[in-house]
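Protein chains get the first letters and strands the later ones, always in sequence-line order, with residue 1 at the start of each.
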Amino acid sequence: MAKKRTIRSIPQARTPVREQDPQVRRHNFTEVNLGYDEAEALLESQRCLVCPEPACIAGCPVGIDIPGFIARISDGDIRGAYDVLARTNLLPAVCGRVCPQENQCEGVCIVGDVLEPVAIGRLERFVGDRAIAEGWARRPHIEPNPFRVGVVGSGPAGMACAADMAKAGCAVTVYEAFHLPGGVLRYGIPDFRLPNAVVDAEIEALRRLGVRFECNTLVGRLFTIEQMIDELGYQAVFIGTGAGYPAMLGIPGDSLNGVLSANELLTRCNLMRARDFPAVDTPLPLGRHVAVVGAGNTAMDAMRVSLRLGAEKVSCIYRRSRAECPARAEEVHHAEEEGIEFHWLTAPVEVLGDGKGNVRALRCQTMVLGEPDRSGRARPVPVPGSEHDIEVDQVVFAIGTNANPIIGQTSGLGLDRRGYIAVDDTLATSLAGVYAGGDIVTGAATVIEAMGAGRRAAASMKAYLGLSGPAAEGGSAGLFGLPPDQRNFVRLRVG
Amino acid sequence: MLQTQTEAGFEIVRREDFSDVTYLLAVRHPLMARAAKPGQFVIVMSHPEGERIPLTIADFDAAEGTVTLVIQAVGKTTREMQQTCTIGTHLHALVGPMGVPTHMGRAKKVVCVGGGLGVAPIFPQARGFKQNGAKVIGILGFRTKNLVFWEDRFRDVCDEVILCTDDGSAGIKGFVSDGIRQAIAAHPDIDEVVAIGPPIMMKACAETTRPFGIRTMVSLNPIMVDGTGMCGGCRVKLGDVVKFACVDGPDFDGHLVDFDDLMLRLRRYAEEEKAAVARWSETCRMRALLAAS
């Protein structure tokens, strides 16, 4: 860098990113956002002020050295930028695409106080994509140790934990119930937002670190968490099974044919490739006019998938206003561009049938925003006499999920009041050596938060196994004062 | 750990054909053979482009390291599997055991009812109750004599077997509900009835026992995708409560289940299924023609 950048000297406008035309893309599953090329990335990188006390790092759930990687892009050293990113973020190509940057790094970017913030997410994706294209892998020197670590669930939390434990030298096996790994990155997020090829590349990167993936394995039922430690010989286990169990509204008519969860729609379309039916065997409910209830990222995905499957009209039904909508800003913007019809301040009260078991319409009422509720958001209050019917033949619920009960049913793990796995500050569960993180602990959240939890759990697991802290540094204080290969782990029940 | 899964998938080690439409597959999966309990199910994908279909486990043998599935060729997938799943071939995916195992409790006298294909998955339950010390009455229902299978296996584990056929060609003439009435008349001390079969049959069983107040459990098999509680496709109504068959079931109190709702939801993909079968049959016919010419 020749001279210090100032808010006046940097390019004032955010470098636009090329996107597929809304009228074209609403009929295909190809990625919407085409990403920066090198010239665009270079230009945008010059908007970073490289602050001495960067707020963006603190705003990132995994604490990426954001000015560090952006400075490397400015220097034309893309490989160097990747090395900086890969120190903290295992999946830059994924996170650059799916993180809610406006609430995280970009939300606190100093440039954003005056101009539009630096497009950190787009830069991250540019570097991540380049790494995949070039086959770069940051292969750290791995010093093998005798520990075996089991990871339950191959979504973002499990992947992040597996990567850190593999780098620490443990033999890591990841169990997945589906026939393909990736969790929500595979079944949930559609191709036009996160292509499967990107997920494949990230899984392959993990395999190169020595991580083993075992699909078709339902932990809890095929073997229990306790058996993983007692019989299968894992010294530490991480549970990252996700939230699962979609909530239904419990309104009359919600079991009619044509009413389904966003999870079901997305899984059929993304994982089972039902959009290619009948070339594949999994069928998909096709709606002509689809109403999607909810306005989170999953709701946006469900709407835009429905559009691409050929729906003539797709409506978003949300009981609060656009300002409270929890989806990423870019997704709402894209959905609007593609012609989704938004019904803000509208709440469904009943699904109406056609007398033959199918959906005919969705009865809704208009809401106004009242006093803030416990979540701090304005509480929607129904307007008396405002009931009206929206003609639809398919209703998709995307109103969140409840805790998946399988691990709770099959283990002695302590759960919280809502059925999620109870953990302490180190993400340790009530069973020694067993850690948990991601949606199965917090309830539905984001990919990057799950990855952050996976990494935090890995740090705790390393400490538990004596791979970090005083023991690893050669101190005699270590775990029971024993070198790793002489430790005999016996499971203890705590609490 | 026992390695069960190869690159090719899960190996089929035994096959029996009970009739033109019903066939048995024993699949090698030593770990599942040890973990499985009566009442549980698996999800199968026969090939990478296939759909995930839930099948109730008909038997498991820890010593042999296999789980047994009995399948009826009704849809495109099950008809295709009837042709392709021969000994030595592999299933692309097999995951399980899924669902909450049947609660054996302290029942002293139990009636196990199987109708048609449901005769297979009721077998491990009958055997389980017997091993649990209960007196077990097996009631097996088939359309006609040449569809009957496993009568001998039931006679091995049951204290009494009532065979029913719709046309009277074997056992008593009548439905399983007639068999239940006969059993109740002979045994006033029945603690529990367990029924597996088509929804209409399970509904009839529940209605038969309702006046007697006998606890009646049914095993539901609605449409599923993942089988792990994630998609909600398998939701069933029990009175006003909604449950997911895959993780809350598949066993539910038959006196609470809304069978009409279940049967309606089972027809959700009827059109697609019909079209898929037609297309598949046409492909088979063309292949046969090509082979003949």
Side-chain angles (χ1 to χ4, degrees), chain A residues 173 177-180 187 214-218 220-224 227 231-233 241-248 250 254-258 260-268 271-274 276-286 356-358 397 401-406 409-410, chain B residues 1 4-5 9-10 29 31-32 34-36 40 43 45-53 75-77 80 92-101 225-233 235-237 240 242 244 246-248 258 261-262 264-265 267-273 275-276 279-280:
Chain A
T173 303
F178 270 129
H179 52 284
L180 290 170
Y187 74 75
E214 291 259 352
C215 292
N216 298 305
T217 307
L218 182 62
R221 293 287 174 204
L222 188 60
F223 46 79
T224 63
Q227 282 178 311
E231 296 170 29
L232 299 180
T241 49
Y245 217 94
M248 306 304 281
D254 67 359
S255 72
L256 287 168
N257 287 331
L260 71 164
S261 74
N263 270 4
E264 179 173 1
L265 176 74
L266 293 171
T267 305
R268 285 179 182 272
L271 175 78
M272 304 310 295
R273 294 183 284 134
D276 298 328
F277 181 85
V280 301
D281 292 340
T282 304
L284 193 67
L286 293 178
K356 286 180 262 171
N358 304 308
F397 283 118
T401 51
N402 298 314
N404 188 298
I406 296 177
Q409 286 169 345
T410 57
Chain B
M1 192 178 148
T4 52
Q5 194 175 353
F10 301 85
H29 198 318
L31 211 51
M32 202 190 299
R34 280 198 293 187
Q40 293 187 299
I43 282 192
M45 245 176 115
S46 58
H47 56 80
E49 279 74 42
E51 57 182 333
R52 294 169 65 91
I53 56 166
K76 188 248 176 183
T77 297
E80 188 180 58
H92 177 65
L94 172 68
V95 58
M98 295 170 142
V100 181
V225 183
D226 59 299
T228 63
M230 203 205 69
C231 82
R235 61 191 191 276
V236 291
K237 271 194 191 160
D240 289 337
V242 173
F244 290 4
C246 64
V247 289
D248 300 319
D258 184 339
D261 182 71
L262 175 73
L264 189 72
R265 291 180 54 77
R267 288 206 303 271
R268 206 163 112 209
Y269 293 108
E271 293 284 316
E272 286 88 348
E273 185 59 51
R279 221 168 9 243
W280 180 77

Relative to chain A, which segment of [X] carries a heavy atom at a distance below 4.5 Å: side chain, backbone, both, or neither?
| X | result |
| --- | --- |
| B:L264 | both |
| B:R279 | side chain |
| B:T77 | side chain |
| B:R265 | both |
| B:V236 | neither |
| B:F244 | both |
| B:D261 | side chain |

Is there a side-chain contact between [X] and [Y] (heavy atoms, below 4.5 Å)?
| X | Y | answer |
| --- | --- | --- |
| B:D248 | A:Y245 | yes |
| B:M32 | B:V95 | no |
| B:T228 | A:I406 | yes |
| B:H29 | A:L222 | yes |
| B:M230 | A:E264 | no |

Non-hydrogen atoms of chain B under 4.5 Å away: do they reach the side chain of A:P405, the backbone, both or neither?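 It is the side chain, since no backbone atom gets that close.
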What part of A:A274 lies closer than 4.5 angstrom to a heavy atom of chain B: side chain, backbone, both or neither? neither
Sequence neighbours excluded, which residues qualify as side chain to side chain contact (heavy atoms under 4.5 Å, CB included) partners of A:L271? A:F178, A:H179, A:L180, A:R186, A:Y187, A:T267
Sequence neighbours excluded, which residues qualify as salt bridge (Lys or Arg N to Asp or Glu O under 4.0 Å) partners of B:E80?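 Partners of B:E80 by the salt bridge (Lys or Arg N to Asp or Glu O under 4.0 Å) criterion, ordered by chain and then number, come out as B:K76.
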For chain B, find which of A:N257, A:L218, A:L260 contributes the most heavy-atom pairs closer than 4.5 angstrom. A:N257
Scored by heavy-atom pairs under 4.5 Å with chain B, the best of A:S261, A:G357, A:P278 is A:P278
Are A:T173 and A:E214 linked by a side-chain donor-acceptor pair shorter than 3.5 Å?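 Their side chains do not contain a donor-acceptor pair, so the 3.5 Å distance test is not met.
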When heavy-atom pairs shorter than 4.5 Å are enumerated against chain A, which of [options] gives the highest number?
| options | answer |
| --- | --- |
| B:D240, B:V100, B:D258 | B:V100 |
| B:A93, B:A35, B:P97, B:G233 | B:P97 |
| B:G99, B:A36, B:P101, B:A275 | B:G99 |
| B:K237, B:Q40, B:R235, B:H47 | B:R235 |

Taking A:D276 for the side chain and A:V280 for the main chain, is one N or O donor matched with an acceptor at less than 3.5 Å? no
Is there a donor-acceptor contact under 3.5 Å from the side chain of A:N263 to the main chain of A:L266? no
